[in-house]
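See structure below.
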Amino acid sequence: METRSDKNAKSPSKKKQKIGKMHKSYDAYLVELMEVAQEKWNQQRDIARKSFGYNPETEYELKKAEAKYFYLFREAKHRNLRNSPK
């Protein structure tokens, strides 16, 4: 007869495999989000650089894009992700 401890001993390895797969898919998604956020930040920076005079809305969008990118960057650093060249 199987005890509870035997049943619990089997499940962690399966759970770790599932979590590992989830982490890999989320890590790939995070890298994609970072690329999109960096592109948007670069676009906003170009718009701010090319605009005449001070526009608070442009400045707001630039700061928002920058904050979003660096938030994702810190998350990737926390997960020890490396973006390998394609």
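Values reported hereafter were calculated over all heavy atoms of this structure, with side chains retained and with hydrogens, waters and symmetry mates removed.
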Check: Does the distance from a Lys or Arg side-chain N to an Asp or Glu carboxylate O, for Asp46 and Arg49, drop under 4.0 Å?
Finding: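 Salt bridge between Asp46 and Arg49, a charged N being under 4.0 Å from a carboxylate O: yes.
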[X] side, atom [atom1]; [Y] side, atom [atom2] - distance, nearest 0.5 Å:
X	Y	atom1	atom2	answer
Leu33	Tyr69	CG	OH	12.5 Å
Glu59	Ser51	CD	OG	9.0 Å
Lys40	Glu61	NZ	CD	6.0 Å
Asp27	Leu81	CG	CG	4.5 Å
Leu30	Phe73	CG	CZ	11.0 Å
Trp41	Lys68	CH2	NZ	14.0 Å

Next item on the list: Take Asn55 and Tyr60 through the test side chain to side chain contact (heavy atoms under 4.5 Å, CB included) and record every step on the way to the result.
Entry: CA-CA 9 Å; Asn55 185 350; Tyr60 169 76; over 6 Å; no
Check: Should we count OH of Tyr29 as having more than 12 external heavy atoms under 6.0 Å?
Finding: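 12 or below, so no.
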Next item on the list: Tell me whether Phe70 is reachable from Met34 by hopping between hydrophobic residues (I, L, V, M, F, W, Y) whose side-chain heavy atoms are closer than 4.5 Å.
Entry: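 Same hydrophobic cluster.
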Checklist line | ILVMFWY network linking Leu62 to Ile47, side-chain heavy atoms under 4.5 angstrom | finding: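 Shared cluster, no.
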Margin query: Against Asn42, only a single residue in Arg45, Gln44, Gln38 fulfils side-chain hydrogen bond (donor to acceptor under 3.5 Å, both in side chains); can you say which?
Written below: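 Among Arg45, Gln44, Gln38, the one meeting side-chain hydrogen bond (donor to acceptor under 3.5 Å, both in side chains) with Asn42 is Arg45.
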Item checked: Residue pair Ala37 / Leu72: nearest heavy atoms and the distance that separates them ->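 Smallest interatomic distance, heavy atoms only, reads CB-CD1, 3.9 Å.
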